[in-house]
Each structure stands twice: as structure tokens, then as C-alpha cells.
Amino acid sequence: AGNGEVEIGKAIAVECEIANQVKFLGWISGEQKDKIYREASFFCLPSYAEGFPMAVLDAWAYGLPVITTPVGGIPDVAKDNENMLLFNPGDIETLSMQLEKMISSIEGDQILYNRIKTASIELSENVFSKAIINKQLEDLYEELSQ
């Protein structure tokens with residue numbers, strides 16, 4: 001889901017003979033976005049540059065384990081193999097390994113999957129919740145006004 005190099009992705013899917021196994025949804029929002037997050041087992045964002053990706057915040061809010069690149073604000077909270085799985089931008093081999101690791105955990109003992117899923121929920125509820133962010137902003141404004 002999302003915009004970007006969709007046509008390139010479709011061409012790669014055809015070349016790899018997996019076009020019937022891959023859906024390119026384009027930009028999604030509202031009920032469609034909610035449905036996709038609810039049906040997902042985990043979330044992957046192979047980004048080269050971000051501020052702090054809203055899609056990752058959304059994934060955490062849905063309790064999804066995240067696989068992503070350490071770009072933008074992600075390194076401020078990222079702990080590889082603890083609260084997400086990381087790979088460097090463009091490092092397709094490590095991306096593949098991280099995807100395989102997550103899928104194997106879902107299909108196997110689920111220790112890694114459950115650890116990262118729990119961490120996702122914790123980040124959503126205890127670090128990036130509206131109440132926490134509002135309190136931090138309130139404290140900052142109060143400090144600045146003194």
C-alpha cells in the first residue's frame with residue numbers, strides 16, 4: 001500500500017512470477033486502511049528517508065510487529081530484535097532475512113513475533129499515545145512560558 005514506484009514493483013512481481021500473490025493497493029485510507037492493518041500479521045516499511053513515519057505509528061497502534069529501516073526518527077526508539085526488526089536502506093539481502101525471520105516466528109515458536117508485537121503495543125500506549133504526547137507538549141509550553 002502507498003504510492004511510490006508501484007509500476008516497478010508490479011514489473012518485478014511479474015519477473016519473479018509472483019504477480020498472482022502480490023497486491024499493489026496504491027494509496028489507502030479510512031476503512032480500507034483499517035481493514036488492511038487488521039488483517040496484517042506484521043508491517044514492513046522499506047524506506048530510504050522519512051521524518052517519523054506515520055505508517056509505523058499506525059502499525060504500532062494496531063499491535064503489529066514492524067520491520068523497517070533506521071531512517072528519520074526511527075533510530076531514536078529502535079532496538080533491533082527487541083521492538084522491531086531493522087535493515088539498512090537498499091539492503092535487500094538483510095530485508096529478506098528479516099522477513100524470513102518474522103514469518104518463521106509466526107509459523108514456529110512465536111517468541112520473536114510476540115516480543116516485538118508486545119513492544120509495538122507498549123510503544124503505542126506508553127510512548128506515542130495522544131495523552132503522553134499532549135502531556136509532553138503541555139510540560140514544554142509551561143517550561144517555555146516561565
Side-chain angles (χ1 to χ4, degrees), residues 1-13 18 21-146:
N3 53 11
E5 299 175 348
V6 175
E7 294 308 314
I8 293 171
K10 287 180 179 179
I12 291 171
I18 60 168
Q21 299 170 312
V22 180
K23 293 181 184 177
F24 292 87
L25 303 175
W27 189 260
I28 60 171
S29 61
E31 289 180 22
Q32 184 183 19
K33 180 175 152 183
D34 179 64
K35 181 180 185 299
I36 296 300
Y37 275 110
R38 288 188 189 283
E39 292 176 354
S41 298
F42 61 90
F43 177 82
C44 182
L45 180 67
S47 186
Y48 283 85
E50 295 285 338
F52 199 101
M54 289 301 299
V56 168
L57 293 172
D58 287 341
W60 288 337
Y62 283 87
L64 293 173
V66 170
I67 301 171
T68 193
T69 50
V71 297
I74 294 293
D76 293 338
V77 296
K79 294 178 184 163
D80 192 30
N81 287 302
E82 290 183 37
N83 62 9
M84 63 186 74
L85 295 180
L86 297 171
F87 63 98
N88 289 321
D91 183 352
I92 296 167
E93 185 175 314
T94 303
L95 167 58
S96 175
M97 289 178 359
Q98 297 293 48
L99 289 167
E100 185 175 330
K101 187 186 303 185
M102 183 61 68
I103 292 166
S104 294
S105 181
I106 292 169
E107 295 173 347
D109 62 23
Q110 296 195 342
I111 293 170
L112 174 72
Y113 179 79
N114 288 333
R115 178 175 61 240
I116 296 179
K117 179 178 179 139
T118 299
S120 294
I121 294 166
E122 190 166 308
L123 284 166
S124 174
E125 293 177 352
N126 299 320
V127 178
F128 293 102
S129 74
K130 288 181 199 177
I132 299 289
I133 299 296
N134 286 341
K135 177 67 173 131
Q136 290 172 337
L137 286 172
E138 178 185 330
D139 292 347
L140 178 62
Y141 284 134
E142 191 172 301
E143 182 182 324
L144 291 172
S145 67
Q146 294 177 0

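Sequential numbering from 1 along the given sequence is applied to the chain's residues. Computation of the quantities below employed the complete heavy-atom set of this structure, encompassing side-chain atoms and omitting hydrogens, waters and symmetry-equivalent molecules.
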Practice item. Determine, stepwise, if the pair Ile74 / Val56 fulfils side-chain contact (heavy atoms from CB on, under 4.5 Å). Key: CA-CA 9 Å; Ile74 294 293; Val56 168; 4.2 Å; yes

Revision key, fill the gap. To the nearest 0.5 Å, atom CD1 of Ile116 lies from atom CE of Met102 at 4.0 Å

Practice item. Could you tell me whether Glu39 atom CD has more than 12 heavy atoms of other residues or ligands within 6.0 Å of it? Key: yes

Review point. Is Ser145 reaching over with its side chain to a backbone N or O of Tyr141, donor-acceptor style, under 3.5 angstrom?
Key: yes

Check your understanding: Rounded to the nearest 0.5 Å, what separation is found between the CG atom of Leu95 and the OG1 atom of Thr68?
Key -> 10.0 Å

Review point. Are Ile106 and Phe42 close enough that some pair of their side-chain heavy atoms sits under 4.5 Å apart?
Key: yes

Review point. Atom NZ in Lys135, atom CD in Glu142: separation rounded to 0.5 Å?
Key: 7.0 Å

Practice item. Measure across Ala55 and Tyr37 and return the closest heavy-atom pair with its distance rounded to 0.1 Å. Key: O-OH, 3.1 Å

Point to revise | Close side-chain approach of Pro89 to Val71, heavy-atom, < 4.5 Å | key: yes

Exercise for review: Rounded to the nearest 0.5 Å, what's the gap from SG on Cys44 to CD1 on Ile67? Could you check?
Suggested key: 5.0 Å

**Study point:** Ser47 to Thr69 - nearest heavy-atom pair and separation
**Key:** O-OG1, 2.6 Å

Point to revise | ring-ring contact (aromatic ring centres under 6.0 Å, His included) pairs, two or more places apart, involving residues 107-137 | key: Phe52-Phe128, Trp60-Phe128

Review point. What's the shortest heavy-atom distance between Pro70 and Asn88, and which atoms?
Key: CG-OD1, 3.8 Å

Review point. Which distance, rounded to the nearest 0.5 Å, do you find between the CG of Leu45 and the CD of Glu50?
Key: 5.0 Å

Donor-acceptor contacts, no H, no angles, side chain residues 25-32, under 3.5 Å, sequence neighbours left out:
none

Exercise for review: Determine the minimum heavy-atom distance between Gly63 and Ser120, stating which atoms define it.
Suggested key: C-CB, 4.2 Å

Check your understanding: Got a donor-acceptor contact below 3.5 angstrom from the Arg115 side chain to the Asn81 backbone?
Key -> yes

**Study point:** Candidate pair Leu86 and Met84, rule side-chain contact (heavy atoms from CB on, under 4.5 Å), full reasoning
**Key:** CA-CA 6 Å; Leu86 297 171; Met84 63 186 74; 3.6 Å; yes

Check your understanding: From Ile121 CD1 over to Leu64 CG, what is the distance, rounded to the nearest 0.5 angstrom?
Key -> 9.0 Å

Revision key, fill the gap. Sorted by chain and number, sequence neighbours left out, side chain to side chain donor-acceptor pair (under 3.5 Å) with Glu82 holds for none

Review point. Which is it for Phe87 and Ile92 under the side-chain contact (heavy atoms from CB on, under 4.5 Å) test, yes or no, and what are the steps along the way?
Key: CA-CA 8 Å; Phe87 63 98; Ile92 296 167; over 6 Å; no

Practice item. Answer yes or no: is there a side-chain heavy-atom contact under 4.5 Å between Glu122 and Val127? Key: no

Review point. Is there a side-chain contact (heavy atoms from CB on, under 4.5 Å) between Ile133 and Ser129 once you walk through the steps?
Key: CA-CA 6 Å; Ile133 299 296; Ser129 74; over 6 Å; no

